[in-house]
Amino acid sequence: MKLILAIINRDDAGAVTQNLTKQGFSSTKLSTTGGFLMSGNVTILVGVDEEKVQEVIDIIKEQSHSRRQVIPTTTEMSYGYYPSMPVEVTVGGATIFVVDIERFERV
Ligand code: 2BA
């Protein structure tokens with residue numbers, strides 16, 4: 001058994017979980033925050049048998065889109081001027097981890 005953790009954009013979360021459910025996969029959605037942008041994203045947990053991992057990853061890939069995001073930053077100059085220096089980063093589609101599960105039980 002494997003646990004898939006997928007960090008995705010909030011706007012894609014509904015489509016990802018709906019498609020997982022449609023294909024018969026259970027999932028749990030957590031509200032999370034990225035350490036770099038400090039903005040909200042969503043982490044989806046899916047527990048599956050090893051042979052189903054690729055199917056789940058394909059569904060996540062299909063529904064997760066990358067986006068360009070501009071973040072404001074400021075720089076201190078020697079003469080005390082703090083101009084805004086926006087930086088653009090590409091976020092997503094999805095950051096996916098697959099980990100081994102030692103034991104899985106529903107009680
Ligand atoms: P954030 O940490 O908010 O990062 C958002 C985006 O900012 C990243 O997109 C990447 O393009 C950029 N970025 C992150 N750290 C950076 C840095 N030190 N310097 C320059 N640019 C940086 P993604 O790579 O698509 O990541 C999206 C979200 O996935 C991340 O949000 C974080 O919540 C998660 N994530 C990505 N890699 C991870 C990892 N190795 N471990 C845990 N979470 C991760």
Side-chain angles (χ1 to χ4, degrees):
M1 178 125 198
K2 301 282 183 184
L3 177 64
I4 300 167
L5 296 111
I7 303 162
I8 62 171
N9 193 286
R10 276 189 297 201
D11 296 338
D12 295 328
V16 170
T17 51
Q18 277 166 28
N19 277 275
L20 287 170
T21 304
K22 219 185 278 175
Q23 300 304 318
F25 296 108
S26 291
S27 65
T28 297
K29 204 168 72 169
L30 306 174
S31 291
T32 45
T33 303
F36 186 68
L37 295 181
M38 300 301 283
S39 64
N41 51 32
V42 168
T43 300
I44 292 175
L45 313 182
V46 190
V48 284
D49 289 332
E50 190 161 0
E51 61 270 19
K52 295 282 184 185
V53 167
Q54 194 54 51
E55 199 180 326
V56 170
I57 289 175
D58 289 343
I59 293 169
I60 294 167
K61 261 191 203 164
E62 227 167 73
Q63 304 298 331
S64 304
H65 309 287
S66 66
R67 294 164 172 84
R68 301 288 292 164
Q69 208 161 323
V70 178
I71 49 166
T73 59
T74 51
T75 308
E76 183 179 356
M77 303 292 211
S78 54
Y79 46 90
Y81 181 54
Y82 299 82
S84 178
M85 309 255 294
V87 170
E88 201 176 16
V89 293
T90 303
V91 185
T95 301
I96 300 171
F97 300 90
V98 180
V99 296
D100 285 327
I101 297 301
E102 199 170 304
R103 183 167 164 170
F104 170 76
E105 276 185 45
R106 284 200 185 95
V107 292

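Numbering of ligands and ligand atoms starts at 1, following listing order. We number each residue from 1, following the sequence as shown.
To the nearest 0.5 Å, atom CD1 of residue Ile101 and atom CG of residue Asp49 are 11.5 Å apart. Taking OG1 of Thr90 as the start and CZ of Arg67 as the end, the distance is 12.0 Å to the nearest 0.5 Å.
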Candidate pair Leu5 and Ile7, rule side-chain contact (heavy atoms from CB on, under 4.5 Å), full reasoning: CA-CA 7 Å; Leu5 296 111; Ile7 303 162; 5.9 Å; no
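Side-chain N/O atoms of Gln23 and Asn19 include no donor and acceptor closer than 3.5 Å.
When each of Val98, Leu20, Val53 is checked for a side chain to side chain contact (heavy atoms under 4.5 Å, CB included) with Val48, only Val53 meets the rule.
Crowding of Lys52 atom NZ: a count of heavy atoms from other residues, nucleotides or ligands under 6.0 Å not exceeding 12.
Protein residues having a heavy atom under 4.0 Å from any atom of ligand 1 are Ile7, Gly34, Gly35, Phe36, Leu37, Asn41, Val89, Thr90, Val91, Gly92, Thr95, Phe97, listed by chain and number.
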